[in-house]
Novice: 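One structure, as structure tokens, below. Some questions next.
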Amino acid sequence: MAVKLGQLLINSELINEEQLNKALDLQKREGGRLGSLLIKLNYLSEDQLVTFLSKQYGVPAINLSDYQIDASITKFIPQEVAQKYQIMPVARVGATLTIAMVDPSNVFAIDDVKFMSGYNVEPVVAAESAIRDAMKQHYGESDALQSVMDSIKKSDADFLEFGAEDEEQIDMTELKQAVEEAPVVKLVNLILSEAINKGASDIHLEPYEKSFRVRYRIDGVLYDIMQPPQKLKAALTSRIKIMAELDIAERRLPQDGRIKLRIKGKEVDLRVSTLPTLFGEKIVMRILDKSSLELDMTKLGFEQGAMQSFEEAIRSPFGMVLVTGPTGSGKTTTLYSALSTVNTIDVNIMTAEDPVEYNLMGINQVQVREEIGLTFAAALRSFLRQDPDIIMVGEVRDFETAEIAVKAALTGHLVLSTLHTNDAPSTISRLLNMGIEPFLVSASILLIVAQRLCRKVCVKCKEEEQVPVPALVKIGFPEDEAKNITCYQGKGCNTCNGTGYKGRIALYEVMPVKDELKELILEGASASEIKKTAVRLGMNTLRMSGLTKIREGVTTVEEILRVTFGD
């Protein structure tokens with residue numbers, strides 16, 4: 001697209017071949033839009049570029065400063081999306097939303113806005129600086145970021161720049177000096193504090209060939225936050241590695257570390273993981289905010305019957321309780337809540353975790369370290385010599401761990417653990433495939449919980465949503481009920497960053513292993529047969545749990561479709 005635009009500008013005699021080549025060279029080094037770089041090099045004025053794009057693509061050109069943009073219009077496009085595509089909603093007439101764009105040929109931006117807003121989109125072209133000023137005025141919030149980015153651009157600091165092929169030769173003394181430069185320190189501090197303020201669970205720093213981006217995962221969804229200059233890639237990465245006490249000279253192997261911070265009186269732990277990629281090291285930081293850890297099981301999202309079954313299982317004197325689901329589905333929170341419920345003075349609770357995410361008073365927690373032989377299986381063996389009542393194993397990954405856990409559950413201990421499976425019934429098949437005998441599985445397992453996290457509708461901007469009856473029937477509601485259900489959505493506000501969602505709640509599929517299911521396990525029944533029987537015996541599937549959350553007005557139809565499969 002960049003080369004195409006450049007050629008069109010040459011054909012219109014607005015720039016020449018030499019100017020285009022210089023702009024393209026700058027783009028390779030720093031990234032960014034070609035039009036912006038031509039303006040930066042003074043080969044083109046903003047007005048010339050806007051007029052050219054207007055004629056070329058047949059869309060009107062506007063001066064954004066002449067428009068009074070109503071605050072209610074910005075709700076249609078979240079700030080993250082506006083920043084990502086450099087667009088600004090201007091007006092809405094009937095079913096048509098007018099958006100100002102830097103690049104009116106960006107069909108992906110237009111399609112995203114159409115899908116997100118539910119309106120037809122009419123693009124107009126405006127100057128990039130005018131769109132940036134309008135975003136600052138109407139979305140606000142990024143002034144601190146903008147000031148840091150401006151200071152970096154104005155800074156005389158000579159930041160190191162290198163590609164993957166140059167990393168071997170980089171001078172460590174120079175790199176350490178660059179890391180201590182004020183703009184780098186400020187930017188890293190800002191990235192961390194903004195993430196915590198926005199309620200992010202993870203921070204991603206991702207290097208690519210021509211760009212370097214920062215994304216936050218908020219309520220389970222990744223948002224593009226900013227794209228720092230390419231020249232800061234080495235310094236930013238190394239600054240974070242130094243804070244996590246990692247080796248900045250080692251860039252060929254993955255590393256894991258931890259950062260402890262105190263922000264606004266809150267103690268926050270960051271779990272840091274680095275991974276060498278083609279164009280540098282990708283860093284992911286998991287934010288572990290103890291103040292946000294919910295240990296009250298009644299607030300996690302269990303339905304009444306499921307809650308009762310789960311509580312009965314974790315209060316049993318022996319047996320195994322398994323919590324399953326993908327990474328980031330809240331399994332650890334559920335297990336910590338269960339441990340907190342049974343953590344009394346008269347029981348000895350021991351956990352083996354990788355990593356220990358939160359420190360819990362009164363519970364003996366062990367950090368697994370496979371590199372020195374302290375595996376889950378080794379920790380479990382030691383636990384059995386420590387007079388335990390309740391054992392938690394972070395994850396059952398292999399036959400050895402599964403076998404010891406099952407035997408511990410059969411010899412007077414309550415064992416809690418996690419597995420990665422799609423639903424509760426398929427957990428049985430997973431254990432059998434690991435090599436555990438059917439009679440051991442049926443005798444040891446008390447209950448299996450499968451879970452997912454779904455986003456909650458923002459209570460500040462919650463409003464009724466009209467969902468067609470056929471759509472509600474399709475996702476699982478009976479037709480009679482579908483006609484009378486009131487659905488809700490968030491229209492977008494400052495509290496939820498324009499997304500319409502704030503916070504998350506768990507969907508639970510709780511399967512007590514009753515006698516009828518034990519017989520099916522012994523007979524080698526398939527996961528689908530076990531599921532049918534479990535539903536007949538009263539189990540609510542993940543989708544059913546999702547439908548309950550829609551009935552209660554907690555979440556949306558779209559969100560349940562996103563996180564669950566039809567039954």
Side-chain angles (χ1 to χ4, degrees), residues 160-172 175-176 178-179 184 187-188 191-192 195 200-217 220 222 224-225 227-228 230 232-261 268-289 325-329 331-332 352-358 365-379 393-398 400-401 418-420:
L160 293 167
E161 297 182 59
F162 59 88
E165 67 279 359
D166 305 319
E167 291 187 19
E168 299 288 335
Q169 288 80 36
I170 194 163
D171 188 317
M172 282 298 115
L175 181 57
K176 283 174 182 171
V179 163
V184 173
L187 187 54
V188 169
I191 288 169
L192 299 180
S201 59
D202 300 86
I203 306 168
H204 292 238
L205 281 80
E206 302 168 316
Y208 298 99
E209 186 176 12
K210 294 178 183 175
S211 64
F212 181 51
R213 73 176 176 183
V214 177
R215 294 194 290 172
Y216 294 163
R217 188 178 292 281
L222 279 168
D224 213 339
I225 299 300
Q227 296 202 1
Q230 276 276 75
L232 287 182
K233 183 170 71 173
L236 277 177
T237 302
S238 298
R239 170 70 185 163
I240 290 167
K241 287 171 75 174
I242 285 171
M243 290 173 75
E245 298 180 357
L246 301 177
D247 181 1
I248 65 168
E250 179 55 79
R251 292 182 300 276
R252 299 164 302 169
L253 294 171
Q255 296 185 68
D256 293 303
R258 215 172 180 128
I259 299 172
K260 286 202 170 200
L261 295 175
V268 178
D269 267 13
L270 297 166
R271 203 172 78 210
V272 181
S273 170
T274 73
L275 181 73
T277 68
L278 202 55
F279 300 107
E281 287 177 284
K282 174 180 164 102
I283 292 182
V284 175
M285 291 178 273
R286 167 64 58 88
I287 299 171
L288 305 171
D289 180 1
T327 303
S329 60
K331 299 188 297 294
T332 302
E353 303 171 59
D354 184 21
V356 174
E357 294 195 4
Y358 299 97
Q365 295 170 276
V366 174
Q367 169 73 55
V368 167
R369 296 178 62 193
E370 295 198 358
E371 68 275 13
I372 61 168
L374 183 54
T375 60
F376 281 120
V393 187
E395 186 184 343
V396 174
R397 293 178 182 167
D398 51 44
E400 189 180 13
T401 309
T418 72
L419 235 77
H420 287 265

Novice: Between Asp202 and Arg286, does any side-chain N to carboxylate O distance fall below 4.0 Å?
Specialist: yes

Novice: Could you tell me if the side chain of Ile191 sits less than 4.5 Å from the side chain of Tyr216, heavy atoms only?
Specialist: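 With C-beta onward as the side chain, the pair touches.
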
Novice: Do Arg397 and Thr375 have side chains that get closer than 4.5 Å, going by heavy atoms?
Specialist: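 A side-chain contact is absent here, since even the closest heavy-atom pair is not under 4.5 Å.
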
Novice: Out of curiosity, Ile242 CD1 to Asp247 CG, how far, rounded to the nearest 0.5 Å?
Specialist: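 Output value for this atom pair is 10.5 Å.
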
Novice: Between Lys331 and Glu395, is the closest basic N to carboxylate O distance under 4.0 Å?
Specialist: no

Novice: Tell me the closest heavy-atom pair linking Ala352 and Ala379, and the distance in Å.
Specialist: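 Residues Ala352 and Ala379, closest heavy atoms: CB-CB, 3.8 Å.
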
Novice: Does any non-hydrogen side-chain atom of Glu250 lie less than 4.5 Å from one of Arg252?
Specialist: yes

Novice: Write down the atom of Leu270, the atom of Ile287, and the distance for their closest heavy-atom approach.
Specialist: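 What the structure gives for the nearest pair is CD2-CG1, 3.4 Å.
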
Novice: Tell me which one of Val272, Ile248, Thr274 satisfies side-chain contact (heavy atoms from CB on, under 4.5 Å) with Gln255.
Specialist: Thr274

Novice: How far apart are the closest heavy atoms of Pro228 and Leu187, and which atoms are they?
Specialist: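 Here Pro228 and Leu187 meet closest at CB-CD2, 4.2 Å.
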
Novice: So, does Ser329 use its side chain to make a donor-acceptor pair with the main chain of Pro326 at under 3.5 Å?
Specialist: yes

Novice: Got a second to check how far Glu206's CD is from Asp224's CG, nearest 0.5 Å?
Specialist: 8.5 Å

Novice: If you take all heavy atoms of Thr418 and Gly394, which pair is closest and at what distance?
Specialist: OG1-O, 2.5 Å

Novice: In Å, rounded to the nearest 0.5 Å, how long is the span from CD1 of Ile259 to CG of Leu288?
Specialist: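 Reported to 0.5 Å precision, the distance equals 11.5 Å.
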
Novice: Is the shortest side-chain heavy-atom distance between Asp269 and Arg258 below 4.5 Å?
Specialist: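 Asp269 reaches Arg258 side chain to side chain.
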
Novice: Ignoring hydrogens, what is the shortest heavy-atom contact between Pro254 and Pro276? Give both atom names and the distance.
Specialist: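 Reported closest heavy-atom pair: N-CD, 3.8 Å.
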
Novice: Is Gln367 atom CD crowded by more than 12 heavy atoms from other residues, nucleotides or ligands, each under 6.0 Å away?
Specialist: yes

Novice: side-chain contact (heavy atoms from CB on, under 4.5 Å), that's the test. Do Leu192 and Val268 meet it? Break it down for me.
Specialist: CA-CA 10 Å; Leu192 299 180; Val268 178; over 6 Å; no

Novice: Examine distances only and state if a side-chain atom of Gln230 and a backbone atom of Glu209 form a donor-acceptor pair shorter than 3.5 Å.
Specialist: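 Answer holds: yes.
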
Novice: Find the distance between CE (Met243) and CG (Leu261) and round it off to the nearest 0.5 Å.
Specialist: 5.0 Å

Novice: For a side-chain contact (heavy atoms from CB on, under 4.5 Å) with Val188, tell me which candidate from Ile240, Thr237, Leu232, Leu205 qualifies.
Specialist: Ile240

Novice: Measure the CD-CZ distance between Gln227 and Arg213 for me, rounded to the nearest 0.5 Å.
Specialist: 7.5 Å

